[in-house]
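Computed from heavy atoms alone, side chains included, the values below leave out hydrogens, waters and symmetry copies. A, B, ... follow the sequence lines: proteins, then strands. Residue 1 opens every chain.
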Protein chains: 2
Amino acid sequence: MKTNLTKAECSSNLKNVIDALYVLNGKWKLPIVLSLVNSPKRFNELIKDVEGISPKILAQELKHLEQNELVVRKVFATTPVSIVYEASEYSESLKDVLRTLSDWGAGHRKKILGR
Amino acid sequence: MKTNLTKAECSSNLKNVIDALYVLNGKWKLPIVLSLVNSPKRFNELIKDVEGISPKILAQELKHLEQNELVVRKVFATTPVSIVYEASEYSESLKDVLRTLSDWGAGHRKKILGR
DNA sequence: CAGTATCCCTCCGGATACTG
DNA sequence: CAGTATCCGGAGGGATACTG
């Protein structure tokens, strides 16, 4: 990495990266977003689709994702009300990030594990 | 995200991304790599440069980074021997990933926090 | 159906002291 | 100098039961 960055640029980059990772971090956030990208779902559908997650953790992760505007919670006035989660428009902005990460991850696994 | 991915493609992407995040995860790995990108350093120099890290954690993180070939440990036969860590050639491959993450992180912070 | 409440337990990681 | 050894607290997360 022959970066010619000043120390200040480096540390602001670092801060940005850490912020980004903070939003994406954890065992469940990306699986949830990707499940919702496939199709919007209700709470209990997510429980089934995201294998192994518990309701407590799902609720917590959904809140985090809502706060970061990656997921939208919609309430429909049916009887009883139905609540649907979907991936936001904004979540499209993750596309580049995810593709880059996916590419690097794939190449890296090949390098380290040979497969 | 109007992706037209099959479910299989999606889940292999997900796996790749999770692998990538696993390598980059944690509070210290990126700060260490970035410090070494600036200049190779010895153990105690890293302790000073990466503020707040303890020797136990530093040793542990350096091992992880060595295993993933992002950091190289070099031993020089001076008396006493000196041990120098440096960012590997391969760590350059992280450039794209880090830039993408940094860009997204910066934009995201602006969106969510307005600064 | 859509979550909360509760309990429990592991593990991350920090401080400090010590060793070859 | 370059780490290990030891101890320890707290947070994150899992299982399950319960509620409006």
Side-chain angles (χ1 to χ4, degrees), chain A residues 14 17-36 39-68 70-88, chain B residues 14 17-36 39-68 70-88:
Chain A
L14 177 57
V17 170
I18 287 174
D19 284 352
L21 287 181
Y22 176 72
V23 174
L24 303 178
N25 247 352
K27 195 171 170 183
W28 302 111
K29 290 185 190 80
L30 286 171
I32 292 168
V33 170
L34 290 181
S35 168
L36 292 178
S39 67
K41 288 184 188 63
R42 310 182 59 173
F43 192 88
N44 282 321
E45 293 176 314
L46 277 170
I47 290 282
K48 283 173 212 152
D49 198 54
V50 181
E51 293 181 19
I53 198 168
S54 72
K56 178 177 121 182
I57 303 299
L58 178 57
Q60 166 188 305
E61 297 292 59
L62 283 173
K63 266 174 203 156
H64 180 114
L65 292 170
E66 277 179 71
Q67 281 169 14
N68 287 283
L70 295 171
V71 160
V72 179
R73 181 183 191 266
K74 290 194 175 164
V75 182
F76 294 96
T78 53
T79 38
V81 295
S82 47
I83 292 168
V84 174
Y85 294 92
E86 48 183 76
S88 69
Chain B
L14 177 56
V17 171
I18 287 175
D19 285 352
L21 287 182
Y22 176 73
V23 175
L24 304 179
N25 249 350
K27 193 171 171 183
W28 300 111
K29 290 184 191 79
L30 287 171
I32 292 168
V33 171
L34 291 181
S35 168
L36 292 178
S39 66
K41 289 185 187 63
R42 310 181 61 171
F43 192 88
N44 283 321
E45 292 176 315
L46 278 170
I47 290 282
K48 283 173 212 152
D49 198 53
V50 182
E51 294 181 19
I53 199 169
S54 72
K56 178 179 123 180
I57 303 298
L58 178 57
Q60 166 188 307
E61 296 292 59
L62 284 172
K63 265 174 204 156
H64 180 115
L65 292 170
E66 278 179 72
Q67 280 167 15
N68 286 283
L70 294 171
V71 159
V72 179
R73 181 182 193 268
K74 290 196 173 162
V75 181
F76 293 95
T78 53
T79 36
V81 296
S82 46
I83 293 170
V84 174
Y85 295 92
E86 48 183 74
S88 69

When you match A:Trp28 and B:Arg73 each to their closest nucleotide on DNA chain D, which lands nearer the 5' end? B:Arg73
Any side-chain N or O of A:Arg42 under 4.0 Å from OP1/OP2 of C:dA2? yes
Applying side chain to side chain contact (heavy atoms under 4.5 Å, CB included) between B:Glu86 and each of B:Lys41, B:Lys74, B:Arg73, report the one that passes.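 The passing option is B:Lys74.
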Apply the test side chain to side chain contact (heavy atoms under 4.5 Å, CB included) to residues B:Leu21 and A:Leu30: give CA-CA distance (whole Å), side-chain angles for both, the deciding distance (0.1 Å), then the verdict. CA-CA 11 Å; B:Leu21 287 182; A:Leu30 286 171; 3.6 Å; yes
Nearest to the side chain of B:Pro55, which nucleotide is it out of D:dG14, C:dT4, C:dT16?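 Looking only at side-chain atoms, B:Pro55 lies closest to C:dT16.
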Shortest non-hydrogen separation from A:Arg42 to A:Val84 and the atoms involved: CG-CG2, 4.1 Å
Whichever of B:Ala59 and B:Asn44 has the more 5' nearest nucleotide on DNA chain D, that residue is B:Asn44
For atom CD of B:Glu61 and atom C1' of C:dC11, their distance in whole Å: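 In whole Å, C:dC11 C1' and B:Glu61 CD are 14 Å from each other.
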Partner nucleotide, any strand, of D:dA11 [Watson-Crick/G-U, under 3.5 Å]: C:dT10
From the set D:dG13, D:dG3, C:dG3, return the single nucleotide nearest to any side-chain atom of A:Lys56. D:dG13
Atom CG of B:Asn25 and atom C1' of D:dG12: how far apart are they, to the nearest Å?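 Distance, rounded to whole Å: 14 Å.
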If you look at every heavy atom in B:Lys29 and B:Leu24, which pair is closest and at what distance? CB-O, 4.1 Å
Report the distance from atom CD1 of A:Ile53 to atom P of C:dT4, rounded to the nearest whole Å.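 Distance, rounded to whole Å: 14 Å.
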Are A:Gln60 and D:dG12 close enough that a side-chain N or O sits under 4.0 Å from OP1 or OP2? no
Rounded off to whole Å, could you give me the CD-to-C1' distance for the B:Glu45 and D:dG3 pair? 15 Å
Pair assignment for D:dT19, Watson-Crick or G-U wobble, requiring both distances under 3.5 Å: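 Result: C:dA2.
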Please state whether the phosphate of D:dG13, meaning OP1 or OP2, lies under 4.0 angstrom from any side-chain nitrogen or oxygen of A:Lys29. no
Check this one for me: any side-chain N or O of B:Tyr85 less than 4.0 Å away from OP1 or OP2 of D:dC1? no
